[in-house]
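Taking it in order: structure first as structure tokens, then the write-up.
When a residue number appears, it is its place in the shown sequence, counting from 1.
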Amino acid sequence: MIPNNTILTDDFGRKHNYLRISLIEKCNLRCTYCMPAEGIALSPKKDLMTADEVFAIAQTFVNNGVNKIRLTGGEPLLRKDFPEIIEKLAQLETEISITTNGILIDKHIDVLKQFNVKKINLSLDTLVASKFNTITLRNQFEKVIDNLHLLLNNDFKVKVNVVLIKGFNDNEIIDFINLTEFLPVSIRFIEFMPFAGNQWDRSKMVSQTEILNEISAHFSESNLEKLQDEKNFTAREFKIKKHLGSFGIISSITNPFCDGCNRIRLTANGKIKNCLFSNSETDLLTAYRNGEAIENIIALAIKNKKKVRAGMATPEDVDNPVLNQDNRSMIAIGG
């Protein structure tokens with residue numbers, strides 16, 4: 001048995017204390033950068049983690065140093081046993097947060113309050129209803145906006161995730177920044193990333209430099225304030241002086257943050273992905289169901305983590321479809 005203090009440390013000295021658990025591969029939206037137009041083959045229900053298995057596997061990670069858990073999907077609130085999962089995970093006395101598209105927030109807000117889930121990442125890629133319908137293939141814009149305000153009115157800490165795609169929503173950067181003037185939200189601009197079936201190419205991407213140049217030009221550089229980045233950050237944090245909220249930029253392509261990565265991903269069918277971009281996975285659920293100790297399996301998965309973007313170290317690597325499409329679709333990984 002490997003000592004507890006080394007299980008979650010990789011060969012580059014990175015300690016992994018943040019577990020992202022996908023609860024479900026299904027979603028009630030069809031965002032084009034996340035799900036291929038033809039959909040994906042879903043895992044059979046019997047192959048997905050049950051609520052008890054989510055808890056037991058998460059407990060193993062917590063026992064070995066994880067102190068932060070984020071629930072993702074698909075859309076995690078689609079799980080009919082979501083309240084049961086939250087209740088179980090709350091016993092671990094670790095920070096729990098969720099990433100959601102916001103549509104079902106009103107149905108679950110009491111459960112989130114009850115078990116002290118106060119940090120919510122809400123995906124919203126446009127502030128224009130017609131464009132929302134175009135990218136999600138669903139008419140739910142007003143519902144998401146209403147639930148965003150519901151969260152803020154109930155003192156949740158909300159980050160709004162915006163995947164920027166050139167020619168689609170890059171003309172809304174300033175509109176999103178304007179939300180931070182009077183609302184206590186953090187807007188997180190995310191560079192468009194390559195996953196199986198999402199027709200990624202670099203020309204569609206809006207880089208960190210382009211984002212900052214546009215914001216600086218509009219608000220003047222003197223009003224742009226750099227904030228202290230979080231430890232193990234993914235987003236580089238900024239704000240406009242005197243605005244109530246802030247914004248961050250997640251630049252996985254043009255300015256990666258792999259050196260301080262502390263994240264492990266567990267898919268809904270119980271496989272470890274040690275990097276968002278990794279095409280290799282480690283089956284934890286089968287071993288658990290067979291009654292095997294899973295600590296050594298976890299340790300090996302962490303040990304095999306590459307230094308940068310699952311081995312895609314250069315722009316040429318990232319641009320190579322042989323490499324960048326050899327992965328799950330985003331919906332099957334977990335946001």
Test item: Asp10 side-chain N/O and Phe12 main-chain N/O as donor-acceptor pair under 3.5 Å: yes

Under 3.5 Å, is there a donor-acceptor pair between the side chain of Asp110 and the main chain of Leu112? no

Salt-bridge test for Asp259 and Arg14: reply yes if a basic N is under 4.0 Å from a carboxylate O, no otherwise. no

Before accepting this row, confirm whether a basic side-chain N of the pair Lys26/Glu75 lies closer than 4.0 Å to the acidic partner's carboxylate O. no

Can you confirm if the NZ or CZ of Lys68 lies within 45° of the ring axis of Tyr18 and under 6.0 Å from the centre of its six-membered ring? yes

Got a second to check how far Ile7's CD1 is from Thr60's OG1, nearest 0.5 Å? 9.0 Å

Pair Leu164-Phe192, side-chain contact (heavy atoms from CB on, under 4.5 Å): steps then yes or no: CA-CA 6 Å; Leu164 288 176; Phe192 184 31; over 6 Å; no

Are Lys159 and Glu230 within salt-bridge range, i.e. N to O under 4.0 Å? yes

How close do Ile165 and Val206 get, heavy atom to heavy atom, and via which atoms? C-CG2, 4.3 Å

Before accepting this row, confirm whether a basic side-chain N of the pair Arg289/Glu53 lies closer than 4.0 Å to the acidic partner's carboxylate O. yes

Kindly determine whether Glu191 and Ser207 satisfy side chain to side chain donor-acceptor pair (under 3.5 Å), including the steps that lead there. CA-CA 6 Å; Glu191 290 182 343; Ser207 71; 5.2 Å; no

Ion pair present between Lys88 and Asp52, side-chain N to carboxylate O less than 4.0 angstrom? yes

Does any N or O in the side chain of Glu25 come within less than 3.5 Å of the main-chain N or O of Ser43, such that one atom is a donor and the other an acceptor? yes

Between Asn213 and Ser216, a side-chain donor and acceptor under 3.5 Å: no

Would you mind checking if Glu210 and Lys166 are paired as a salt bridge, meaning a charged N to carboxylate O distance below 4.0 Å? yes

Quick check against the 3.5 Å criterion: does Thr267 have a side-chain atom that pairs as donor or acceptor with the backbone of Lys271? yes

Can you tell if the side chain of Arg188 reaches within under 4.5 Å of the side chain of Thr234, non-hydrogen atoms only? yes

Does a salt bridge link Arg236 with Asp229, judged by any charged N lying under 4.0 Å from a carboxylate O? no

With no hydrogens and no angle check, just 3.5 Å: does a side-chain donor-acceptor pair link Ser97 and Arg70? yes

Heavy atoms only: give me the nearest Ala301-Thr282 pair and the separation to one decimal. CB-OG1, 3.5 Å

For Thr180 and Ser246, which heavy atoms make the closest approach, and how far apart are they? CG2-O, 3.3 Å

So Asp106 and Asn147, side chain to side chain donor-acceptor pair (under 3.5 Å) or not? Walk me through it. CA-CA 6 Å; Asp106 54 312; Asn147 278 337; 3.1 Å; yes

Could you please spell out the steps behind the side chain to side chain donor-acceptor pair (under 3.5 Å) verdict for Asn262 and Lys15? CA-CA 6 Å; Asn262 66 334; Lys15 296 180 179 180; over 6 Å; no

Euclidean distance, Leu212 CG relative to Lys226 NZ, rounded to 0.5 Å: 9.5 Å

Using the benzene-type ring in the case of Trp, are the ring centres of His243 and Phe219 under 6.0 Å apart? yes

To the nearest 0.5 Å, what is the distance between CD1 on Ile177 and NE2 on His218? 9.5 Å

For Gly102 and Leu122, work out which heavy atoms get closest and say how close. CA-CD1, 4.0 Å

State plainly whether the residues Lys241 and Glu225 are in salt-bridge range, i.e. N to O under 4.0 Å. no

In terms of hydrophobic clusters joined by side-chain contacts under 4.5 Å, are Ile86 and Leu48 together? no

Indicate if Tyr288 and Leu19 have the same hydrophobic cluster label, given that clusters are the connected sets of ILVMFWY residues with side-chain heavy-atom separations under 4.5 angstrom. yes

For Asn101 and Asn28, does a side-chain donor sit closer than 3.5 Å to a side-chain acceptor? yes

Within-4.5 Å side-chain heavy-atom neighbours: Gln59 and Leu92: yes

Across all chains, not counting sequence neighbours, the side chain to side chain contact (heavy atoms under 4.5 Å, CB included) partners of Val128 are Thr126, Ser130, Lys131, Glu172

Here the gap from Ile253 atom CD1 to Met205 atom CE, rounded to the nearest 0.5 Å, amounts to 6.5 Å

Short side-chain to backbone donor-acceptor contact, Lys273 and Ser280, under 3.5 Å: no

Heavy atoms only: give me the nearest Asn304-Asn274 pair and the separation to one decimal. C-ND2, 3.7 Å

Can you measure from CD1 (Ile98) to CD1 (Ile21) and round to the nearest 0.5 angstrom? 13.0 Å

Tell me which pairs pass ring-ring contact (aromatic ring centres under 6.0 Å, His included) where either residue lies in residues 135-166, with sequence neighbours left out. Phe132-Phe141

Could you check Ile85 against Arg79 for side-chain contact (heavy atoms from CB on, under 4.5 Å), going step by step and ending with a plain yes or no? CA-CA 9 Å; Ile85 291 171; Arg79 281 278 297 239; 3.5 Å; yes

Could you walk me through whether Asn169 and Asp125 satisfy the side chain to side chain donor-acceptor pair (under 3.5 Å) test, starting with their C-alpha distance in whole Å, then the side-chain angles of each, then the deciding distance to 0.1 Å, before giving a yes or no? CA-CA 7 Å; Asn169 61 353; Asp125 300 308; 5.0 Å; no

State yes or no: do Leu183 and Leu150 share one hydrophobic cluster built from I, L, V, M, F, W and Y residues joined by side-chain heavy-atom distances below 4.5 Å, directly or via other members? yes

Hydrophobic clustering (ILVMFWY, side-chain heavy atoms < 4.5 Å, transitive) - are Phe176 and Ile120 grouped together? yes

List the atom of Ala235, the atom of Ile250, and the distance in Å for their closest heavy-atom pair. CB-CG1, 3.7 Å

Nearest 0.5 Å, please: how far is NZ in Lys143 from CD1 in Ile103? 9.0 Å

